[in-house]
Novice: 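Handing you a structure now.
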Amino acid sequence: MPELPEVEREVRQLRPAMEGARFERVVIRRRRLRTLLPLRFASRLEGTTVRALRRRGKYLVADLSSEATLVMHLGMSGSFDIRSTAPASFAKHDHVIFHMSSGTTVVFNDPRRFGSMWLHDDHSRTPILGLGPEPLDEAFTAEALATAFRRKRAPLKSALLDQRVVAGLGNIYVSEALHRARLSPARAAETLVSPSGAPRSGLRTLVRAIRETLNDALADRPRGGDDFRVYDREGRRCPRRGCRGTIKRIVQSGRSTFFCPVCQR
DNA sequence: GTAAACCTGGCA
DNA sequence: TGCCAGGTTTAC
């Protein structure tokens with residue numbers, strides 16, 4: 001469940017267990033995640049304290065007392081379990097276990113193993129380095145997006161999935177935000193930028209729509225099913241007031257996109 | 001640019 | 001059995 005709102009929720013839940021706490025024992029049950037955890041991963045972590053736990057895009061970032069940084073990504077199916085007592089046994093896909101000095105045990109579970117972790121001494125070559133702006137930060141403006149979209153022929157859908165353009169959007173919230181902005185996912189990104197490089201009005205609408213979509217998702221309780229306007233709603237009525245359209249599913253660069261062909265242009 | 005690859009599990 | 005899944009990277 002991992003786009004920006006879900007990762008943010010994960011970070012907020014982990015904070016009480018991890019911030020200010022020390023890694024007492026780290027157990028790696030499977031080293032081969034999306035990347036291979038280095039041999040000394042556990043020993044380098046043990047004894048260090050988490051100064052702060054934060055989110056950057058879809059990454060969780062722990063700043064450590066050792067000056068190193070622990071970066072974590074949930075992939076498609078990763079999640080953290082917080083247990084107040086050390087579990088007697090582990091589930092099939094429990095890959096990494098943090099025994100914290102706070103007394104809680106944090107278990108990283110990931111059936112598909114698309115998630116991973118990195119431990120960096122220096123701040124170079126971190127996966128978070130190339131990320132675009134945080135969509136909920138002030139730096140995420142129509143002007144900033146216009147720079148990224150200028151002469152970009154890619155459809156809006158794939159342009160917004162590009163984490164270098166904006167960090168944290170995924171397949172669900174791109175569909176949701178584009179519907180809210182009444183923009184077609186197939187439209188070329190560059191059509192929202194004027195020849196001078198200035199943002200067109202649709203781009204301002206899009207920036208607002210992205211913010212609202214993410215803020216709504218953050219305010220809600222965890223996803224429960226019928227929470228989306230268009231995502232996974234092929235064949236259903238468009239939820240926009242007065243629109244008689246039907247939600248369509250198309251495939252763009254190998255991934256499902258849901259939209260209303262009537263009100264999204 | 002898009003397709004395939006990395007994995008497992010759930011569902012028609 | 002085959003297809004689909006909220007991600008990212010690598011390879012045509």
Side-chain angles (χ1 to χ4, degrees), chain A residues 1-11 29-37 55-61 71-80 90-96 107-118 125-132 135 148-180 185-191 210 213-214 216-218 220-235 247-259:
Chain A
M1 19 178 264
E3 296 184 35
L4 185 152
E6 293 76 29
V7 177
E8 178 64 29
R9 190 169 287 119
E10 202 71 82
V11 163
R29 300 183 73 237
R30 189 190 277 269
R31 195 170 294 282
R32 184 91 230 164
L33 303 180
R34 181 159 67 76
T35 58
L36 190 65
L37 299 188
R55 180 191 57 72
R56 178 74 174 92
K58 298 172 195 169
Y59 292 86
L60 300 92
V61 182
V71 178
M72 299 168 278
H73 196 286
L74 299 172
M76 287 278 238
S77 57
S79 64
F80 286 98
F90 294 107
K92 194 172 177 185
H93 301 293
D94 290 346
H95 303 311
V96 180
V107 180
F108 176 67
N109 180 285
D110 184 5
R112 292 179 73 180
R113 275 181 276 145
F114 288 172
S116 205
M117 300 189 184
W118 300 264
R125 298 174 53 87
T126 301
I128 62 175
L129 264 188
L131 294 179
F149 278 5
R150 198 168 184 192
R151 287 188 279 273
K152 205 175 183 87
R153 301 270 188 87
L156 283 173
K157 171 74 186 312
S158 33
L160 291 173
L161 280 179
D162 186 343
Q163 302 297 297
R164 297 168 302 184
V165 169
V166 53
L169 293 179
N171 209 39
I172 291 181
Y173 294 115
V174 167
S175 278
E176 295 293 290
L178 286 172
H179 179 266
R180 201 186 276 246
R187 183 166 165 172
E190 62 181 0
T191 64
I210 289 170
T213 300
L214 295 175
D216 281 4
L218 279 168
D220 275 341
R221 291 168 303 110
R223 310 260 67 80
D226 276 352
D227 295 341
F228 304 120
R229 303 187 181 199
V230 293
Y231 182 80
D232 205 18
R233 294 177 77 83
E234 183 182 22
I247 304 307
K248 263 190 75 178
R249 171 186 180 269
I250 59 172
V251 175
Q252 293 178 291
S253 46
R255 318 209 47 199
S256 288
T257 302
F258 299 88
F259 74 111

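Quick note on labels: first sequence line is chain A, next is B, and so on, each numbered from 1. Since the model is a prediction, treat every value here as computed from it, not as a measurement. All values below come from the heavy atoms of this structure, side chains included, with hydrogens, waters and symmetry mates left out.
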Novice: Looking just at side-chain N and O atoms, do A:Q163 and A:Y59 make a donor-acceptor pair shorter than 3.5 Å?
Specialist: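 The answer is no; no qualifying pair exists.
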
Novice: Under a 4.5 Å cut-off applied to non-hydrogen side-chain atoms, are A:R255 and A:V251 in contact?
Specialist: no

Novice: Distance between the P atoms of B:dC7 and C:dA11, in whole angstroms?
Specialist: 15 Å

Novice: Does A:R229 reach the side chain of A:F258, with side-chain heavy atoms less than 4.5 Å apart?
Specialist: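 A side-chain contact is absent here, since even the closest heavy-atom pair is not under 4.5 Å.
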
Novice: With DNA chain B as reference, determine whether A:G254 or A:R113 sits nearer its 5' end, using the nearest nucleotide of each.
Specialist: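 Closer to the 5' end of DNA chain B: A:G254.
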
Novice: Using 4.0 Å as the upper bound for N to carboxylate O, is an ion pair formed by A:D162 and A:K157?
Specialist: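 Looking at A:D162 together with A:K157, the answer is no, because their closest N to O distance does not fall below 4.0 Å.
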
Novice: Thinking salt bridges, do A:E190 and A:R153 make one under a 4.0 Å N-O criterion?
Specialist: yes

Novice: In whole angstroms, how far is the P atom of C:dG7 from the OH atom of A:Y59?
Specialist: 12 Å

Novice: Give me the stems containing DNA chain C, sorted by first residue, counting only three or more consecutive Watson-Crick or G-U pairs with both distances under 3.5 Å; say none if there aren't any.
Specialist: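 Runs of three or more consecutive pairs: B:1-6 with C:7-12, B:8-12 with C:1-5.
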
Novice: Please examine the side chains of A:E3 and A:I172, heavy atoms only from C-beta on, and report whether any two atoms are closer than 4.5 Å.
Specialist: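 They are in side-chain contact.
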
Novice: Rounded to the nearest angstrom, tell me the gap between atom CG in A:D110 and atom P in C:dG6.
Specialist: 15 Å

Novice: With sugar-phosphate meaning primed atoms plus P, OP1 and OP2, does A:Q252 contact a base, only sugar-phosphate, or nothing at under 4.0 Å between heavy atoms?
Specialist: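 The residue A:Q252 makes no contact with any strand.
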
Novice: Heavy-atom distance under 4.5 Å between the side chains of A:V71 and A:P127, does that happen here?
Specialist: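 They are in contact (side-chain heavy atoms under 4.5 Å apart), so the answer is yes.
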
Novice: Report the residue (A:K92 or A:R34) whose heavy-atom-nearest nucleotide on DNA chain B is the more 5′ of the two.
Specialist: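 Whichever sits nearer the 5' end wins; that is A:R34.
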
Novice: So, OP1 or OP2 of C:dG6: does either fall under 4.0 Å of a side-chain N or O from A:Y231?
Specialist: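 Answer is yes, contact under 4.0 Å.
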
Novice: Under 4.5 Å between any side-chain heavy atoms of A:L178 and A:F259, yes or no?
Specialist: no

Novice: What is the distance from CD of A:E10 to C1' of C:dG7, rounded to the nearest Å?
Specialist: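 My rounded result for the distance is 16 Å.
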
Novice: Reading DNA chain B in the 5' to 3' direction, which nucleotide is the first one with an atom under 4.0 Å from a heavy atom of chain A, and which is the last?
Specialist: B:dG1 to B:dG9

Novice: Specify the separation, in whole Å, of atom CZ of A:F114 and atom C1' of C:dT9.
Specialist: 11 Å

Novice: Please report the distance, rounded to the nearest Å, between CG in A:L160 and P in C:dG7.
Specialist: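 Distance, rounded to whole Å: 13 Å.
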
Novice: If I take atom CZ in residue A:R255 and atom C1' in nucleotide C:dG6, what distance separates them, rounded to the nearest angstrom?
Specialist: 7 Å

Novice: So, does A:S77 get its side chain near the phosphate of C:dA5, meaning an N or O under 4.0 Å from OP1 or OP2?
Specialist: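 Looking at the OP1 and OP2 atoms of C:dA5, neither is under 4.0 Å from any side-chain N or O of A:S77.
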
Novice: Roughly how many Å apart are C:dC3 and B:dA3, using the P atom of each and rounding to a whole number?
Specialist: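 That atom pair is separated by 16 Å.
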
Novice: For the C1' atoms, the ones on B:dC6 and on C:dT1, what distance do you get once it is rounded to whole angstrom?
Specialist: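 Rounded to whole Å, the distance is 22 Å.
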
Novice: With distance as the sole criterion, do the side chain of A:R112 and the base of C:dA5 form a donor-acceptor contact below 3.5 Å?
Specialist: yes

Novice: Please report the distance, rounded to the nearest Å, between CD in A:E3 and C1' in C:dG6.
Specialist: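 Between C1' of C:dG6 and CD of A:E3: 5 Å.
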
Novice: Strictly by modelled atom types, are A:T257 and A:Q252 linked by a side-chain donor-acceptor pair under 3.5 Å?
Specialist: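 Per modelled atom types, A:T257 and A:Q252 side chains form a pair under 3.5 Å.
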
Novice: Could you state the atom-to-atom distance from CG of A:L33 to P of C:dT8 in whole Å?
Specialist: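 Atom-to-atom, A:L33 to C:dT8, this comes out as 15 Å.
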
Novice: Would you check, one step at a time, whether the test side-chain contact (heavy atoms from CB on, under 4.5 Å) holds for A:E6 with A:Y173?
Specialist: CA-CA 11 Å; A:E6 293 76 29; A:Y173 294 115; 2.7 Å; yes

